[in-house]
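Just so you know, these numbers come straight off a predicted model, no measurement behind them. All ligand and atom numbering here is 1-based and tracks the order in the structure.
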Amino acid sequence: MIEAVGLTKRFGAKTAVDDLSFQVRPGAVTGFLGPNGSGKSTTMRMILGLDRPTAGHVTINGHPYRSLPNAPRLVGALLDAKGVHGGRTARNHLLSLAQLAGIPAPRVDEVLGVVGLRDVAKRRTSGFSLGMGQRLGIAAALLGDPQVLLFDEPVNGLDPEGIHWVRNLMKMLAAEGRTVFVSSHLMSEMALTADHLIVIGRGRLLSDMSVKDFISANSADFARVRVPEDGPEDRQKLTATLIEAGGRVLSEPGGALRVTGLPLPRISELAHGCDVRLWELSPHQASLEEAYMRLTQGLVDYRSTEDAKEALAEPPPLDAYGYPLGSTGPAPAEPVEVPQEGWFAPPPPGGPGPAAVPGGPSPVGAPAAGTPAVETPAASSAEPASAPAAGTSAAAGAPASRTPAVETSSAVAAGEQTSKDPR
Ligand SMILES: Nc1ncnc2c1ncn2[C@@H]1O[C@H](COP(=O)(O)OP(=O)(O)OP(=O)(O)O)[C@@H](O)[C@H]1O
């Protein structure tokens, strides 16, 4: 088991790791996630005794790495696959590591076979591709048949077959009772590989829980409801009924409704009660990537100036009609388009306002009594230029008289919304 307590690392004025405490248990793959520069590699380096903590400590099976008897046989790590002498062959590289750790030479050929490099064992590593280098780094980590394994971005540069292989390898190592700690930016891969997640942002712990709990904690599940396309009145009627029953409703560009706050059977009953036929009633849960983006998007240090989410990171608080609070000026001619992002469901009834759901479609507040509050929904992440621009310009506008939320919804209902549904 790896255990960090109050682990902190400063480089001059920069705090790379800030009071981190966590445990990585055996028998499971623990994913280590965080945006670029959040401190993952520094944490791994401290675990391996390569960086000295400024404060706190980290142990492996109760001992700091440097005090472990025969550490190379207990702990294997892939930190930087490029850290190899290019003039050596793959086999000689592993052989030198084996000799330093007192590992018998036949083990070298064994691990070369495991990582699929037997045919190129006698080639100099300077000619290796990125993926071959990663495989060699994994071979080095496996050399001592260790109980504790750390992998920093192991699938970096691997082809799909290689990624699949690493996934199975990690799972197999964990199933054998080993401790497997692996960092990655590939969320789809982590979702398939990891059992547990430790997520950090700017050096601090953001989350420490199972993958399943992480997704439920950081995403809003919703029901997608679709009525026949020839029935816009039915759509309005159903929307009003759902809101009256305590649900929250977003309107999708494709015509479907996203509903939270009501279980699926209740939605079905309510539709039946108001005599509206349904074409679709399906549950939706966010992916790990969506949940991760939702948790970390305010903590990303490096972001492209063309990144659509930049405009969504810290939306200003909005008033009941989707305009920035306290703004004044001429009303826009068109209904307001709100900042949009793919995975957001409406906030739960009585739940947090827009500031608590960064980047989500802005809740437009309670409508006049009896008026359905359909909110403009998520736009395609494949269309980054249009959706945020619309949201940003709306936020930047300074209207004096407000366009009520329901006008936005009726524009959507009438098919005037041009954004595509990302799903
Ligand atoms: N030796 C060093 N000297 C100064 N600053 C450092 C040093 N090592 C890391 N840092 C800084 O510490 C912070 C955390 O870096 P680290 O490499 O641990 O992040 P990371 O989460 O592994 O990033 P990535 O996902 O991009 O690999 C960064 O701001 C980095 O610039």
Side-chain angles (χ1 to χ4, degrees), residues 2-22 24 29-58 60 64-66 75-84 130-131 133-134 137-138 140-141 148-158 163 166 170 180-191 193-194 196-208 211 214 218 288-305 307 309-310 313:
I2 302 169
E3 183 168 26
V5 180
L7 197 61
T8 301
K9 180 69 184 176
R10 290 189 202 96
F11 295 105
K14 171 83 191 172
T15 303
V17 175
D18 193 357
D19 196 21
L20 266 190
S21 298
F22 60 81
V24 184
V29 177
T30 300
F32 193 28
L33 311 182
N36 286 134
S38 56
K40 301 180 297 297
S41 300
T42 306
T43 302
M44 285 195 165
R45 289 178 59 80
M46 286 193 282
I47 294 171
L48 294 166
L50 297 169
D51 273 340
R52 193 185 295 275
T54 311
H57 65 271
V58 58
I60 298 174
Y65 180 89
R66 284 169 178 270
V75 186
L78 164 69
L79 283 196
D80 178 7
K82 291 190 289 294
V84 175
L130 185 58
Q134 287 296 119
I138 293 170
V148 178
L149 287 133
L150 287 85
F151 298 100
D152 199 359
E153 296 283 341
V155 296
N156 193 13
L158 289 180
I163 292 174
V166 169
M170 306 275 146
V180 182
F181 193 36
V182 51
S183 82
S184 180
H185 291 292
L186 281 187
M187 294 302 131
S188 52
E189 210 30 55
M190 275 289 110
T193 311
H196 195 90
L197 292 178
I198 291 172
V199 186
I200 61 172
R202 299 205 175 128
R204 299 196 69 109
L205 187 70
L206 297 180
S207 175
D208 181 352
V211 174
F214 179 82
N218 295 290
L288 172 60
E289 180 170 25
E290 292 167 356
Y292 170 82
M293 298 284 277
R294 192 175 166 107
L295 178 69
T296 60
Q297 67 176 309
L299 296 165
V300 173
D301 282 333
Y302 310 103
R303 197 191 293 279
S304 163
T305 50
D307 187 339
K309 291 181 197 69
E310 187 179 37

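Ligand 1 has a nitrogen or oxygen under 3.5 angstrom from a nitrogen or oxygen of His185.
Between the side chain of Ser188 and the backbone N or O of Leu186, no donor-acceptor pair lies under 3.5 Å. For Thr54 (side chain) and Arg10 (main-chain N/O), a donor-acceptor pair under 3.5 Å exists by modelled atom type. In this structure, the side chain of Lys40 engages the main chain of Pro35 through a donor-acceptor pair within 3.5 Å. Looking at Lys9, its side chain does come within 3.5 Å of a backbone N or O of Arg52 through a donor-acceptor pair. Looking at Gln134, its side chain does come within 3.5 Å of a backbone N or O of Glu153 through a donor-acceptor pair.
In this comparison of Gly12, Gly37, Gly201, the heavy atom closest to atom 28 (C) of ligand 1 sits on Gly37. The closest non-hydrogen atom to atom 15 (O) of ligand 1, taken over Asn36, Thr42, Leu79, comes from Thr42.
When heavy-atom distances to ligand 1 are checked against a 4.0 Å cut-off, Pro35 comes that close only through its backbone atoms N, CA, C and O. Neither the backbone nor the side chain of Arg45 has a heavy atom within less than 4.0 Å of ligand 1. Contact annotation: for Glu153 versus ligand 1, there are no heavy atoms closer than 4.0 Å.
Checked against side chain to side chain donor-acceptor pair (under 3.5 Å), Ser183 has the following partners two or more places apart in sequence or in another chain: Asp152.
Remark: ligand 1 atoms within the under-4.0 Å shell around heavy atoms of Lys40 are 18 (O), 19 (O), 20 (P), 21 (O), 22 (O), 23 (O), 24 (P), 25 (O). Less than 4.0 angstrom separates some heavy atom of Ser38 from each of these atoms of ligand 1: 19 (O), 20 (P), 21 (O).
Under a 4.0 Å heavy-atom criterion, Gly203 is not in contact with ligand 1. Taking 4.0 Å as the cut-off, Lys9 does not count as a neighbour of ligand 1 on heavy-atom distance. In this structure, Gly39 counts as a contact residue of ligand 1, since one of its heavy atoms falls inside 4.0 Å of the ligand.
Atom OG1 of Thr193 is separated from atom CZ of Phe151 by 11.5 Å, given to the nearest 0.5 angstrom.
Scanning all heavy atoms of the two residues, the minimum distance from Ser207 to Phe214 falls at OG-CD1, 3.2 Å.
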